[in-house]
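Proteins come first, then strands; the chains are lettered A, B, ... in the order of their sequence lines, and each starts at number 1. Just the heavy atoms: all of them, side chains too, but no hydrogens, waters or symmetry mates, feed the values below.
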There are 2 protein chains.
Amino acid sequence: MISEKTISRLSLYHYLLTTLKEQEIEFVFSRQLANMANSTPAQVRRDLMVTGYEGNPKRGYTINELIVAIEEFMGLKEGVDMVLVGVGSLGRALLSYFYPQKPRYNIVAAFDKGSNSDRVVSGCRVYDIAELAPVLAGQRVTMGIVAVPAGAAQQVTTMLCEAGIHGILNFAPIRVKVPRNVYLENVDLAVTIEKIAWFANRAAGKKE
Amino acid sequence: MISEKTISRLSLYHYLLTTLKEQEIEFVFSRQLANMANSTPAQVRRDLMVTGYEGNPKRGYTINELIVAIEEFMGLKEGVDMVLVGVGSLGRALLSYFYPQKPRYNIVAAFDKGSNSDRVVSGCRVYDIAELAPVLAGQRVTMGIVAVPAGAAQQVTTMLCEAGIHGILNFAPIRVKVPRNVYLENVDLAVTIEKIAWFANRAAGKKE
DNA sequence: TTCACGCTGTGAAATCTTTAACAGCTAGGG
DNA sequence: CCCTAGCTGTTAAAGATTTCACAGCGTGAA
Ligand SMILES: NC(=O)c1ccc[n+]([C@@H]2O[C@H](COP(=O)([O-])OP(=O)(O)OC[C@H]3O[C@@H](n4cnc5c(N)ncnc54)[C@H](O)[C@@H]3O)[C@@H](O)[C@H]2O)c1
Ligand SMILES: NC(=O)c1ccc[n+]([C@@H]2O[C@H](COP(=O)([O-])OP(=O)(O)OC[C@H]3O[C@@H](n4cnc5c(N)ncnc54)[C@H](O)[C@@H]3O)[C@@H](O)[C@H]2O)c1
């Protein structure tokens, strides 16, 4: 079985490899990738095993080939189509982030309610939330981003699931319920901050 | 040893307990907390062990007392003071998120460069990045949020560390280096999205 | 007062993840 | 052509986290 952590790290390696490629570097060793990823060489090699790609003991990994291997393994060739629900301050930041610089990640439609809808924000059409099902019916979108207030999050999540979405990225600070055939990831800023605050207090004790 | 995951979950329980308290509920069982947290009763009980607080076999946990126990354990009583570097679209969303609704989390100062500085955004003064050290010298801030482009992230992270910060929340898509006495957490949206996309494809196969 | 139920706290087992160790290989130098 | 250094792939060990399972307790009912 392949773990969430391995998948996350593969995604990171993929990104790191593309930056190396931009610098016209051809080969890389596991120790170098580990260094860039704040990880260890053994971890990198173990992660890369799942892709089936094999490096060369003398040169390391051929960057071009490894990029392709990771893309094939993770299905990154086609890019990711997404919808966004909630075009408030966070939603707008996300829209401006993805458009137009990140062509691999495509927000194909956004939804809000009332007078916040029926507009175009950062190149993306904003529909009324009531149109979610009809608009999605025409698309082959796998992922939805939830950026509405906590009180509305469960409702829009359920709507997304019923519309055939299979992955949810939830920014609202509650733990929404999804059917078992939907993958859910919460990005909870309050939790993240309290965690950092806790470890920061501890880290402050260590030397250097 | 107490793990990162336990700390994250305690933070979540704390939040969930405050919402129960608002509903004037007095007691809660581990199974109910688990349900709200998308977790298991055994996990909840094990997590709560570290606080030293003990529930009652018949009533469960007394919400008021458990909230206090978690706050004492995690040092949440005083709130968290932070600084933000990078007041672009993400930085502005963060400022509007924390001010004024989240009094526990306080962005005491923000920094940007050139003409983006010397303003007030969402109630927060934005200084020029060059003033980071002098402004921080007067404060007792433990955490810094990095929301600048990837190319500037290492530089501002190093500045924060040298100014005495012990926790970094990095939104830029690179893995910055920090001294060992600084706790680092990366929130990497591209990685998160690719992970969800991968598991969404798999989840789509499962039934129900 | 006693009993039964269903919860908590926790040691032990199971599972998952990382790290260590090393055989085997490959390019380059002699 | 053979040897060496230093890498990779992979198995095994170690370490971390979650789950199981159950003794023990507190309450409400009889
Ligand atoms: N702003 C941030 O930096 C930030 C950071 C972390 C988490 N969050 C979380 O993200 C969510 C959104 O935050 P925000 O700051 O953008 O809030 P916001 O109030 O600026 O925006 C919320 C948007 O959701 C829309 N909305 C409300 N109910 C809806 C519904 N039923 N259907 C469709 N749209 C609906 C509103 O019209 C509004 O445009 C919140 O849950 C917040 O806690 C925000
Ligand atoms: N916008 C989003 O939703 C989003 C989401 C995830 C991650 N990110 C990441 O967060 C970071 C910021 O994103 P953004 O969309 O806000 O970018 P942005 O371009 O809107 O803002 C970046 C800000 O940083 C400032 N800056 C640049 N160099 C600086 C320096 N040396 N010192 C101080 N300030 C400096 C710029 O003046 C600008 O105001 C990026 O790394 C991006 O990849 C953004």
Side-chain angles (χ1 to χ4, degrees), chain A residues 1-13 16-17 20 25-70 73 175 183 191 195 198-199 202, chain B residues 1-13 16-17 20 25-67 69-70 73 175 183 186 191 195 198-199 202:
Chain A
M1 195 45 205
I2 294 158
S3 73
E4 295 197 15
K5 293 188 165 183
T6 297
I7 296 295
S8 293
R9 284 188 301 255
L10 284 174
S11 165
L12 174 59
Y13 302 149
L16 297 171
L17 289 164
L20 292 174
I25 299 172
E26 254 193 286
F27 304 102
V28 69
F29 293 122
S30 61
R31 80 166 38 235
Q32 298 174 281
L33 272 179
N35 201 253
M36 287 186 283
N38 286 348
S39 180
T40 65
Q43 181 79 79
V44 170
R45 296 202 299 274
R46 162 132 316 233
D47 288 336
L48 295 181
M49 272 180 72
V50 305
T51 67
Y53 180 71
E54 304 214 338
N56 173 307
K58 205 63 182 185
R59 299 194 197 285
Y61 302 93
T62 308
I63 289 178
N64 275 323
E65 295 174 1
L66 183 51
I67 288 175
V68 170
I70 295 177
F73 175 77
R175 293 304 175 273
Y183 180 83
V191 165
K195 177 165 82 160
W198 160 269
F199 284 102
R202 255 140 218 78
Chain B
M1 197 42 205
I2 294 159
S3 73
E4 294 197 16
K5 292 188 165 182
T6 296
I7 296 296
S8 293
R9 286 187 302 253
L10 284 175
S11 165
L12 174 59
Y13 304 148
L16 296 172
L17 289 165
L20 291 174
I25 298 171
E26 254 192 285
F27 303 103
V28 69
F29 292 122
S30 61
R31 82 164 40 232
Q32 298 173 281
L33 272 178
N35 200 255
M36 288 185 282
N38 286 346
S39 181
T40 65
Q43 181 78 79
V44 170
R45 295 202 298 275
R46 172 136 316 247
D47 288 338
L48 294 182
M49 273 180 72
V50 304
T51 68
Y53 180 70
E54 302 215 339
N56 171 308
K58 203 63 182 187
R59 300 195 198 286
Y61 302 92
T62 307
I63 289 179
N64 275 322
E65 296 175 0
L66 184 51
I67 288 175
I70 295 178
F73 175 76
R175 293 305 174 274
Y183 181 83
N186 297 292
V191 164
K195 178 165 78 160
W198 159 269
F199 284 103
R202 259 140 215 79

Undergrad: The side chain of A/Gln43 is closest to which nucleotide in this list: D/dT18, C/dT18, D/dT8?
TA: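 Of all the options, the side chain of A/Gln43 is nearest to C/dT18.
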Undergrad: B/Tyr61 side chain: which of D/dT18, D/dG9, C/dT8 is closest?
TA: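 Of the options given, the side chain of B/Tyr61 lies nearest C/dT8.
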Undergrad: Look at the side chain of B/Lys58 against the base of D/dC25 and say whether a donor-acceptor pair falls under 3.5 Å; ignore hydrogens and angles.
TA: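 Absent.
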Undergrad: C/dA27, D/dT10, C/dT17: which one has an atom nearest the side-chain heavy atoms of A/Met49?
TA: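 Of the options given, the side chain of A/Met49 lies nearest D/dT10.
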Undergrad: Go through C/dT19, C/dT10, C/dT18 for me and flag the one nearest to the B/Arg45 side chain.
TA: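 It is C/dT10.
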Undergrad: Need one value for A/Thr6: base, sugar-phosphate or nothing, where a base atom within 4.0 Å counts as base even if backbone is also close, heavy atoms only.
TA: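 A/Thr6: no heavy atom of the nucleic acid under 4.0 Å.
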Undergrad: With the side chain counted from C-beta on, respond yes when B/Tyr13 and B/Tyr61 share a heavy-atom pair under 4.5 Å apart, and no when they do not.
TA: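 No. Closest side-chain heavy atoms not under 4.5 Å.
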Undergrad: Side chain of A/Arg31, base of D/dT8: donor and acceptor closer than 3.5 Å?
TA: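 Counting by modelled atom types and ignoring angles, no donor-acceptor contact under 3.5 Å is found here.
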Undergrad: Taking for each residue the nucleotide of DNA chain C with the nearest heavy atom, is it A/Ser3 or A/Asn56 whose nucleotide lies nearer the 5' end?
TA: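 Comparing both residues, the 5'-ward one is A/Ser3.
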Undergrad: Taking side chain as C-beta onward, heavy atoms only, is B/Asp47 less than 4.5 Å from B/Lys5?
TA: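 The answer is no, as the side chains (C-beta and beyond) never meet within the 4.5 Å cut-off.
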Undergrad: Using the closest heavy atom to pick a nucleotide of DNA chain C for each, name whichever of A/Pro57 or B/Pro41 lands nearer the 5' end.
TA: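 Its nearest nucleotide lies further toward 5', so the answer is B/Pro41.
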Undergrad: Classify the nucleic acid contact of B/Tyr53 as base, sugar-phosphate or nothing, counting any heavy atom under 4.0 Å across all strands shown.
TA: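 Sugar-phosphate: the residue B/Tyr53, judged by heavy atoms under 4.0 Å, touches backbone atoms but no base.
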Undergrad: Separation of A/Lys5 atom NZ from D/dG15 atom C1', in whole Å?
TA: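 After rounding, the reported distance stands at 12 Å.
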Undergrad: Could you state the CG-C1' distance from A/Leu66 to D/dC7, rounded to the nearest angstrom?
TA: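 Distance check: A/Leu66 CG to D/dC7 C1' gives 15 Å.
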Undergrad: Any donor-acceptor pair, under 3.5 Å, between the side chain of A/Arg46 and the base of C/dT17, if you only look at N and O atoms?
TA: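 Checked by distance alone, the answer is no.
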Undergrad: Does a side-chain heavy-atom distance below 4.5 Å link B/Thr62 with B/Tyr53?
TA: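 Sidechains of B/Tyr53 and B/Thr62: in contact.
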Undergrad: What is the distance, rounded to the nearest whole Å, between atom CD1 of B/Ile7 and atom P of D/dA16?
TA: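 Distance check: B/Ile7 CD1 to D/dA16 P gives 16 Å.
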Undergrad: Any side-chain heavy-atom pair from B/Ile7 and A/Val191 closer than 4.5 angstrom?
TA: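 Contact flag for B/Ile7/A/Val191 side chains = no.
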Undergrad: Let me know the distance between CG of A/Asn38 and P of C/dT18, rounded to the nearest Å.
TA: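 Whole-Å distance recorded here is 14 Å.
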Undergrad: As a quick check of understanding, evaluate side-chain contact (heavy atoms from CB on, under 4.5 Å) for A/Met36 and B/Arg175, giving each step before the final call.
TA: CA-CA 7 Å; A/Met36 287 186 283; B/Arg175 293 305 174 274; over 6 Å; no
Undergrad: Over how many whole Å does the gap from B/Leu48 atom CG to C/dC7 atom P extend?
TA: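 B/Leu48 atom CG is separated from C/dC7 atom P by 16 Å.
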Undergrad: B/Ile2 has an atom CD1; how far is it from atom P of D/dA16, in whole Å?
TA: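 Going from B/Ile2 (CD1) to D/dA16 (P), I get 14 Å.
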